[in-house]
There are 2 protein chains.
Amino acid sequence: MELGERKLKILSAIIEAYIQSGEPVGSKALVEMLDHTASSATIRNDMADLATDGYLEQPHTSAGRIPTAKAFRLYIDSLMKRQPLTEKSRHEIEELLSGAASDPERLIEEASQALAEVTGCAAVTTTPDQQSSSIRRIEVLRSGTRTAALLLMTSSGMLRSRVCRFDSDIDSPLLERLNNTLSAEFLGQPLSSVSLAQVQGLLVALGEVGLACAPALTAFVELVQESAEAEVLLSGQLNLLRHPDYELERARSLLSFLSQRELLANMLTAHSGGLRVVLGSESPRPELDGSSIIVTRYSLTGGGDGSIGIIGPLRMDYAATIPRLEYFAQTISRLLRQLMNDG
Amino acid sequence: MELGERKLKILSAIIEAYIQSGEPVGSKALVEMLDHTASSATIRNDMADLATDGYLEQPHTSAGRIPTAKAFRLYIDSLMKRQPLTEKSRHEIEELLSGAASDPERLIEEASQALAEVTGCAAVTTTPDQQSSSIRRIEVLRSGTRTAALLLMTSSGMLRSRVCRFDSDIDSPLLERLNNTLSAEFLGQPLSSVSLAQVQGLLVALGEVGLACAPALTAFVELVQESAEAEVLLSGQLNLLRHPDYELERARSLLSFLSQRELLANMLTAHSGGLRVVLGSESPRPELDGSSIIVTRYSLTGGGDGSIGIIGPLRMDYAATIPRLEYFAQTISRLLRQLMNDG
DNA sequence: GTTAGCACTCTTAGTGTTAGAGTGCTAAAA
DNA sequence: TTTTAGCACTCTAACACTAAGAGTGCTAAC
């Protein structure tokens with residue numbers, strides 16, 4: 001299985017040509033690419049070997065060769081020469097992100113859009129994992145005779161609010177009591193530690209007003225859980241429709257998969273760190289066949305971190321895209337740390 | 001231009017057959033549909049007349065006829081017999097919506113998804129117009145040495161929050177002063193009345209701490225403006241890709257148009273009330289050609305109202321879809337009123 | 001191990017043909 | 001005057017056929 005140097009060169013050339021054109025690559029064209037260092041017959045022999053080793057396949061007898069997933073894997077893991085970002089594109093990215101909001105969630109959303117734009121793929125991000133962050137502040141604010149606003153702030157700077165309805169009229173003392181109880185119980189606690197059981201305990205502790213507060217407590221638990229789970233943001237789906245490799249059916253099934261946020265979240269959070277490339281055909285999901293996912297992680301000082309990645313056709317310019325994605329992750333990490341540090 | 005009764009029947013039959021099959025309709029098939037009340041030759045003559053009047057067109061000489069936009073217009077405005085909702089589908093809709101959240105924004109979002117599911121089209125809604133609603137509560141809550149959470153509640157029960165960064169460290173007295181000032185100035189005021197000028201006046205009134213509060217004031221104005229403008233929610237875009245009338249290019253350009261939320265918002269809010277059907281080819285937007293938009297409005301007791309509609313192929317089952325949409329609008333109005341009334 | 005040459009295969013584009021669907025027209029019938 | 005039957009005509013879709021071109025695999029020579 002050891003591939004000789006020439007074979008590797010041929011394989012690289014085929015992959016790069018295929019990435020560019022999307023067409024099968026023939027021996028004649030390869031002679032040019034390799035600067036006539038070998039004849040077409042030699043190249044054909046090597047190609048035949050590469051095909052039996054599973055790196056190449058033929059759409060039909062008299063067509064050129066197409067790299068298989070195995071070939072892409074090899075290319076991405078060792079053959080590929082990363083294309084360093086030009087000063088100009090660094091600048092462009094910097095520009096796109098520096099205008100972003102000071103709200104961390106918005107920053108990530110805007111970064112996601114920018115990434116989609118820069119790479120021409122769909123971009124997917126998760127908001128920072130909040131499992132390890134804690135509750136910084138809780139407020140229950142009256143907003144009507146029977147409604148209140150529930151506000152939750154986490155140590156990583158995320159803000160979540162929702163309207164909560166009570167079953168009966170509420171008054172200020174009730175809310176004050178609720179407020180104090182919630183704050184006393186949960187302030188500084190990690191989000192992951194808030195359990196329904198604990199909250200039910202509070203219901204008892206609140207005594208006669210406990211029952212009246214039940215809807216708020218339920219809403220509070222939901223709010224905490226909602227805050228704790230990383231949210232998945234998807235941008236630039238339309239880019240996929242623009243790419244010639246996606247015909248309608250494939251695009252539809254991919255987009256349909258991407259709209260199932262939980263599945264997507266699992267894919268993204270499944271790995272611990274570093275860059276990861278998942279080639280569609282390697283994954284068990286048939287919807288991902290013909291597509292490729294590149295994910296990496298950004299991290300906050302507070303310990304939280306999140307995923308950022310792109311999804312596009314298998315035939316993607318990895319050498320240029322991967323450094324871009326990494327630069328995005330770095331920049332987001334830096335900006336978020338800045339936000340947190342003097343937050 | 002007066003069309004005789006038979007011609008109208010023929011036209012209706014053509015439209016309905018075309019809606020069902022998507023194929024050109026021929027005279028022979030029409031003989032069956034009209035229960036042999038006329039011969040194919042007669043029908044052909046009438047069809048020729050309808051074609052010269054601009055109601056029908058031929059893809060090519062030896063094909064059947066396809067209804068034009070003019071025909072659809074006539075059909076929708078007067079020919080069509082609305083298909084009343086069955087008890088079962090009423091129930092289904094009721095079911096889908098009753099499980100929805102008590103937060104009005106979520107309710108509308110979930111309704112939008114349900115509508116897309118029920119109609120098989122893309123659904124589009126706007127959150128209630130907040131121009132006429134007023135500020136019910138404002139809170140600035142400290143969340144870090146230099147950050148605070150800004151919270152805005154409106155009379156219609158909407159909740160908006162955002163993180164706001166200060167340029168220097170903040171303390172409780174500062175925030176209390178800011179809070180009091182904002183509340184005193186804006187509580188009960190309609191959202192539309194909040195102007196940058198007024199806020200800048202406050203900056204002066206706040207005296208020495210005014211400058212320190214500037215970021216919060218800017219954020220406040222942004223938050224108000226953001227709350228005031230109706231938000232456009234889009235669901236079920238994938239449904240469009242599933243429909244055979246949309247090939248890739250048409251779908252792409254439509255989805256691309258739909259992603260421009262401001263344009264969409266303009267289209268939706270352009271009319272005052274009642275149901276409206278916009279046939280794509282009638283609109284100046286080339287992206288909408290071949291598509292059709294049906295919009296109506298839902299309303300709140302508080303005076304605010306919003307749009308709800310669907311977007312799908314021109315060849316749509318209007319007779320069944322329109323009553324469904326109207327039922328959605330009614331139900332949402334009712335649910336929102338319930339929420340507001342004891343809110 | 002590499003190369004030139006050549007027969008072979010397969011795709012693609014173009015052409016011709018045919019069956020079928022549907023029309024428009026004309027002349028007769030109501 | 002309106003409706004109908006009949007028929008010639010047109011156009012499409014499907015199929016088969018052909019020729020050109022691209023690319024391979026194999027063999028024999030270098």
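Proteins come first, then strands; the chains are lettered A, B, ... in the order of their sequence lines, and each starts at number 1.
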Starting at [atom1] of [X] and ending at [atom2] of [N], how long is that distance when rounded to a whole Å?
X	N	atom1	atom2	answer
B:Leu30	D:dT3	CG	C1'	17 Å
B:Glu23	C:dA21	CD	C1'	12 Å
B:Ile10	C:dT23	CD1	P	11 Å
B:Glu57	D:dC11	CD	P	17 Å
A:Ile14	D:dT24	CD1	C1'	13 Å
A:Lys28	C:dC6	NZ	P	15 Å
A:Gln58	D:dG23	CD	C1'	8 Å
B:Ile66	C:dT23	CD1	P	12 Å

Closest to the side chain of A:His60, out of D:dC11, C:dC10, C:dG24, is C:dC10

Look at A:Arg6 and C:dT2 and indicate whether a side-chain polar atom (N or O) is within less than 4.0 Å of OP1 or OP2.
yes

Using a cut-off of strictly less than 4.0 Å, decide whether A:Ser62 has a side-chain nitrogen or oxygen near OP1 or OP2 of C:dT9.
no

Got A:Val278 and A:Leu288 here, is their nearest side-chain heavy-atom distance under 4.5 Å?
no

Tell me, do A:Leu3 and A:Leu50 make a side-chain contact under 4.5 Å, heavy atoms counted?
yes

Residues from residues 34-49 of chain A lying under 4.0 Å of DNA chain D - heavy atoms
A:Arg44, A:Met47

The side-chain contact (heavy atoms from CB on, under 4.5 Å) partners of A:Ser112 (sequence neighbours excluded) come to A:Ala123, A:Thr125, A:Ser235

Applying side-chain contact (heavy atoms from CB on, under 4.5 Å), name anything that partners A:Leu263, two or more places apart in sequence or on another chain.
A:Phe257, A:Gln260, A:Arg285

Can A:Lys28 and A:Ser40 be said to form a side chain to side chain contact (heavy atoms under 4.5 Å, CB included), step by step?
CA-CA 6 Å; A:Lys28 208 169 144 191; A:Ser40 68; 5.5 Å; no

Please check if the number of heavy atoms outside A:Gln20 that lie under 6.0 Å from its CD is greater than 12.
no

Judged by modelled atom types alone, do A:Ser89 and A:Tyr327 share a side-chain donor-acceptor pair under 3.5 Å?
no

